[in-house]
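All values derive from a computational prediction rather than experimental measurement. The sequence lines fix the lettering, A, B, ..., with proteins before strands; numbering per chain opens at 1. Worth knowing before you read on, the calculation uses all heavy atoms, side chains too, and leaves out hydrogens, waters and symmetry mates.
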There are 2 protein chains.
Amino acid sequence: MRLSKLGEFGLIKKLQKKIPAISPDVITGIGDDAAAIKVPKSRILVTSDMLIEGVHFDLSFTTFYQLGHKFLAVNISDILAMGGEPKYFLVSIGIPEKCDSENINELYSGISAIARKFGISIIGGDTCASKNGLILNGTLIGNVKHRTINRSGAKAGDGIFITDTAGDSAMGLFLLLNLKQKIKRCESEKAGIKFQGISLECRNVLSLVKKHLMPQPVHLKNTHRVTSMIDISDGLLADLGHICDESRTGAVIYKEKIPLSGELLSVAKKLGRDPLDFALKGGEDYILLFTAPVSYRTNAYRIGEIIKKGRYIIDSNGRKSRFKAEGYEHFKNSE
Amino acid sequence: MRLSKLGEFGLIKKLQKKIPAISPDVITGIGDDAAAIKVPKSRILVTSDMLIEGVHFDLSFTTFYQLGHKFLAVNISDILAMGGEPKYFLVSIGIPEKCDSENINELYSGISAIARKFGISIIGGDTCASKNGLILNGTLIGNVKHRTINRSGAKAGDGIFITDTAGDSAMGLFLLLNLKQKIKRCESEKAGIKFQGISLECRNVLSLVKKHLMPQPVHLKNTHRVTSMIDISDGLLADLGHICDESRTGAVIYKEKIPLSGELLSVAKKLGRDPLDFALKGGEDYILLFTAPVSYRTNAYRIGEIIKKGRYIIDSNGRKSRFKAEGYEHFKNSE
């Protein structure tokens, strides 16, 4: 249905039914001037993320469902990175004329699915028309589980850990940007796909693309001894740089300790690319990077140590080189 | 300075210095994955508003300072309409290439000035590049002062009140849209300005335009007996309609009881327009519309009564007619 027929208030009513507030702590949900919620603890966490069509996403690559998923996932990732529990989500959406109510419905289905998985209630936001492209802004409120974990607590001697393989999302984006519409031929998962004359396995391509389009944030169960934490959105080196900046420390990481997925290794090898380039500088992994005493028991991968000063990366031959915080930065990268 | 020189992180650092967190309850402010705040009461209010260039504002009419003011003011208005006290603000901003760091600095000056006035701390948000026009999304968190006041509590027999004159903002917008750049000649405030051959007093024009560009939200001191409340953003009739919808009541209002400013009366008269058209259907007044028992002592203007069923407007001759909820609605009005 065209939105001009449904109107703003019609759309809000429709969405309101689609996304009932899950939590009994929601006193007033969507449809009043502001939402009212009960907060069980005396501290809350709040994060806000804006996604703009043409800057953060491309509707020829992502479905509305996937976009809805990622939109909430990136906010969840921020709350998890503070050691929090995501609870309440506000959705502001600027809708261009080309989008109809089915598109928006699908977007909300994607939001709702991951919201349910994490027990998040959608409590409000704003719905308006946009002249240029789809615009999303999400605000996620979380409870503090035990204590807040900042970027600033790392100490020399701490181990540096990451919770999952890095670089898959960046390779997924690289494949999307280069294969474009050709990627749709991959849907059977059995066939291969040609990339500049090289044949890639569809299974690998689809897995990497999915990591980019539908990141799955995972919380760290035991944060008791964690000294600092961040989610990898700008890139491993860039985000480790943020921890060093805020903690006033240095860091050393070992190339061979960075966990890489079989899919990334296979595709990078075929393309003659260094998979570590994707893992170190890629970004949008939405996995957690944290520091803790080296004796900390965890399933996460230990990739290096916090040191007093300097930022170094050591390769498999023991060669040491300095690293800069390379990663995505708005405005700068646009030149 | 060009933002490409400063970069995202340089800009954030610069803004961070500009807008220190006022409240001692801010545990973690701008610069981490999420903000952490102490909440003194067990209930909080949250509202989120998106402003898009070309839809909500026109940079040829408004300065960046005025825009910053209005951006926070519209969010404050939503928290006040729930009977709350605004406390913490998150600013997401999508910045197009045409904006430089001075523009953004001025925008933040406007935000900071009204934030200080209301004791609001700016605790976070998101800063990114936009391909098309400036995009703002604000999320404001407030404390509940005594109780939350919803749209749904109006009862037959209650009086209907508004806190200030209505229609000034709509007339201000009308003048802006028609006078455009000519309005700048008005800056001396002494001269007159020609509008389709009619001479208007600059003093009046500037006052009305200011009401549109820099609305000043005012809270209602005593909300003890208030049964429902909303801020007038869509228009008096439309917002009264929202109260009737949510409260399942009707309403009757008296044309001659609607408070109108001297400026609106004077300009409307000269232009041969009915000032009530602006007051009833205009919107963006950001004043409060509320219901309370008729015996409620208040400085606000009583403009009618809640009745069981039907929506009526009565003119000075006692003639009764039905009204529809006319006002601005996204998507619908774009056709």
Side-chain angles (χ1 to χ4, degrees), chain A residues 3-4 6-9 11 27-28 31-39 42-50 52 54-56 78-79 81-82 84 88 90 92 94-95 123-133 135 137 139 141-142 144 148 150-151 230-231 246 329-332 334-335, chain B residues 3-4 6-9 11 27-28 31-39 42-50 52 54-56 78-79 81-82 84 88 90 92 94-95 123-133 135 137 139 141-142 144 148 150-151 230-231 246 329-332 334-335:
Chain A
L3 286 175
S4 52
L6 198 59
E8 179 189 357
F9 304 126
L11 177 68
I27 305 161
T28 304
D32 215 306
D33 295 294
I37 47 178
K38 262 191 219 165
V39 279
S42 62
R43 286 174 179 207
I44 58 166
L45 297 166
V46 202
T47 185
S48 207
D49 261 300
M50 186 175 267
I52 302 174
V55 178
H56 300 90
D78 278 327
I79 294 293
M82 298 291 289
Y88 307 107
L90 289 96
S92 291
I95 307 174
I123 58 169
D126 193 9
T127 310
C128 59
S130 162
K131 292 256 162 102
N132 290 297
I135 303 161
N137 192 88
T139 301
I141 297 175
V144 176
T148 58
N150 294 100
R151 297 177 178 183
I230 193 170
D231 70 323
E246 297 299 320
E329 183 171 358
H330 281 282
F331 313 121
K332 277 202 166 165
S334 60
E335 280 221 310
Chain B
L3 285 176
S4 52
L6 198 58
E8 180 188 357
F9 304 126
L11 177 68
I27 305 161
T28 304
D32 216 306
D33 295 294
I37 47 177
K38 263 189 220 165
V39 279
S42 63
R43 286 174 179 208
I44 59 166
L45 298 166
V46 201
T47 184
S48 207
D49 260 301
M50 187 174 266
I52 301 174
V55 178
H56 300 91
D78 278 327
I79 294 293
M82 297 291 289
Y88 307 107
L90 289 96
S92 290
I95 308 174
I123 58 168
D126 193 10
T127 310
C128 59
S130 162
K131 293 254 162 102
N132 291 296
I135 304 161
N137 192 89
T139 301
I141 296 176
V144 175
T148 58
N150 294 99
R151 297 177 177 184
I230 193 169
D231 70 323
E246 296 299 320
E329 183 170 359
H330 281 283
F331 314 120
K332 279 205 164 164
S334 60
E335 283 221 306

Side-chain donor or acceptor of A/Lys38 paired with backbone N/O of B/Arg43 under 3.5 Å: no

Shortest non-hydrogen separation from B/Ile79 to A/Ala34 and the atoms involved: CD1-CB, 4.1 Å

Please check if any side-chain donor atom of B/Asp126 sits under 3.5 Å from a side-chain acceptor atom of A/Ser48, or the reverse. no

Does any non-hydrogen side-chain atom of A/Ile52 lie less than 4.5 Å from one of B/Cys128? yes

If you count heavy-atom pairs under 4.5 Å between each of A/Asn132, A/Thr47, A/Val46 and chain B, which one has the most? A/Val46

Could you state the interatomic distance from CG (A/Asp49) to CG (B/Asn137), rounded to the nearest 0.5 Å? 11.0 Å

For B/Ala36, all residues meeting side chain to side chain contact (heavy atoms under 4.5 Å, CB included), sequence neighbours excluded: A/Leu45, A/Thr148, B/Ile27, B/Thr28

Which residues pass the salt bridge (charged side-chain N to carboxylate O under 4.0 Å, His left out) test with B/Asp33, sequence neighbours left out? A/Arg151

Side chain, backbone, both or neither: which part of B/Ile37 has a heavy atom under 4.5 Å from chain A? both

Side chains of B/Ile135 and A/Met50: closer than 4.5 Å at any heavy-atom pair? yes

